[in-house]
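As structure tokens, the structure follows; a few thoughts come after it.
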Amino acid sequence: TKILPYEAEDDLWYRTRTTNVLYQYAGGHVAGILLDLECDSCFAWSGENTVMVRAEAGRPFYIFNDTDDLHHYVYPVVTLSAASAEVIAVTNFSDNGHRSEIKGMKSGETITIDSGRQIKSSSRSHELLLDDFNLGWFRLIPGKNQYISNVDMTVSMKFRVPRKAGIIQ
């Protein structure tokens, strides 16, 4: 059993939107700008983590999600490449057997699934991708995630995890 870690970074990011802009003038010229920002979360976000796995059919592989938010999923961007497969399936046994399945995959095709935005794309013409995907969006539970694929393939996951940030006195 091999646990695949990703690089931890001290980088913290905040997702914000500007709610108000005020200009400060001095001598008739703009000398400063005041921005009111609203965060999308009470958490900060880590730098982007990338995990690439060469999955073997029927053999487990692990992705570790060391989020500080223990109550919600993390939705990664996943890229799947299989040398030849008609139907590919990836099951997360740590998440009650949550299964992501794509039918009609062509030889050499690469599928990218942005689970957070619910967008799917293919490196080739795949007219029925919407119908061929079971809408089992990839998601990571906090902690260790045990996956098994039904075919040999390369799996790449990119994700950011929520981080608690604040002042400790």
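Source: prediction; values computed, not measured.
Atom OG1 of T79 is separated from atom CD1 of I111 by 10.0 Å, given to the nearest 0.5 angstrom. Interatomic distance, F61 CZ to I148 CD1, rounded to the nearest 0.5 Å: 9.0 Å. Atom CE of M105 is separated from atom NZ of K103 by 15.0 Å, given to the nearest 0.5 angstrom. To the nearest 0.5 angstrom, I113 atom CD1 is 14.0 Å from Y75 atom OH. Note that the CZ atom of R59 and the OG atom of S149 stand 11.0 Å from one another [nearest 0.5 Å]. Distance CG/D68 to CZ/F43: 6.5 Å, rounded to 0.5 Å.
Listed for the S46 side chain is a donor-acceptor partner under 3.5 Å among the backbone atoms of V161. Side-chain N or O atoms of T67 include one that pairs as donor or acceptor with a backbone N or O of D69 at under 3.5 Å.
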Practice task
Could you walk me through whether R54 and T154 pass side-chain hydrogen bond (donor to acceptor under 3.5 Å, both in side chains), step by step?
Solution key: CA-CA 5 Å; R54 294 200 187 281; T154 301; 3.2 Å; yes
Exercise for the section: Show the numbers, then the answer: is there a side chain to side chain contact (heavy atoms under 4.5 Å, CB included) between V90 and F138? Expected result: CA-CA 9 Å; V90 181; F138 285 87; 3.9 Å; yes
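Side chains of Q24 and L34 form a contact here, defined as non-hydrogen atoms less than 4.5 Å apart. No side-chain heavy atom of R117 sits less than 4.5 Å from a side-chain heavy atom of W137. Contact annotation: the side chain of L140 never approaches that of F64 to less than 4.5 Å [non-hydrogen atoms, C-beta and beyond]. For the pair P162 and W45, the minimum side-chain heavy-atom distance is below 4.5 Å. Taking the side chain as every heavy atom from C-beta outward, F159 and V77 never approach each other to under 4.5 Å. Proximity of V53 to M153: side-chain heavy atoms (C-beta onward) are nowhere separated by under 4.5 Å. Using a 4.5 Å heavy-atom cutoff, the side chains of L35 and N20 are not in contact. Side-chain contact check for L22 versus I33: every heavy-atom pair is 4.5 Å or farther apart.
Ion pair K144/D66 not flagged as a salt bridge, since none of the NZ, NE, NH1 or NH2 atoms sits closer than 4.0 Å to an Asp/Glu carboxylate oxygen.
Grouping the Ile, Leu, Val, Met, Phe, Trp and Tyr side chains by contacts below 4.5 angstrom, directly or via other members, places V21 with V30. Transitive grouping of hydrophobic side chains (ILVMFWY, heavy atoms separated by less than 4.5 Å) brings L37 and Y23 into a common cluster. Note on I88: it clusters hydrophobically with L135, by side-chain heavy-atom contacts below 4.5 Å among ILVMFWY residues. Linking ILVMFWY side-chain heavy atoms closer than 4.5 Å, directly or via other members, places F133 and Y147 in a single hydrophobic cluster.
Remark: R160 is positioned above the aromatic ring of W13, its terminal NZ or CZ atom under 6.0 angstrom from the ring centre and at most 45 degrees off the axis.
R139 pairs by the salt bridge (Lys or Arg N to Asp or Glu O under 4.0 Å) definition with D95, not counting sequence neighbours.
Listed here is the closest heavy atom pair of R99 and N134: O-ND2, 3.1 Å. Pairing each heavy atom of A89 with each of N150, the nearest pair is N-OD1, 2.8 Å. When all heavy atoms of V151 and A82 are compared, the closest pair comes out as CG2-CB, 4.4 Å. Minimum heavy-atom separation, T50 to K158: OG1-CG, 3.6 Å.
Each of S156, S81, S122 was scored for a side chain to side chain donor-acceptor pair (under 3.5 Å) with T110, with one residue passing: S81.
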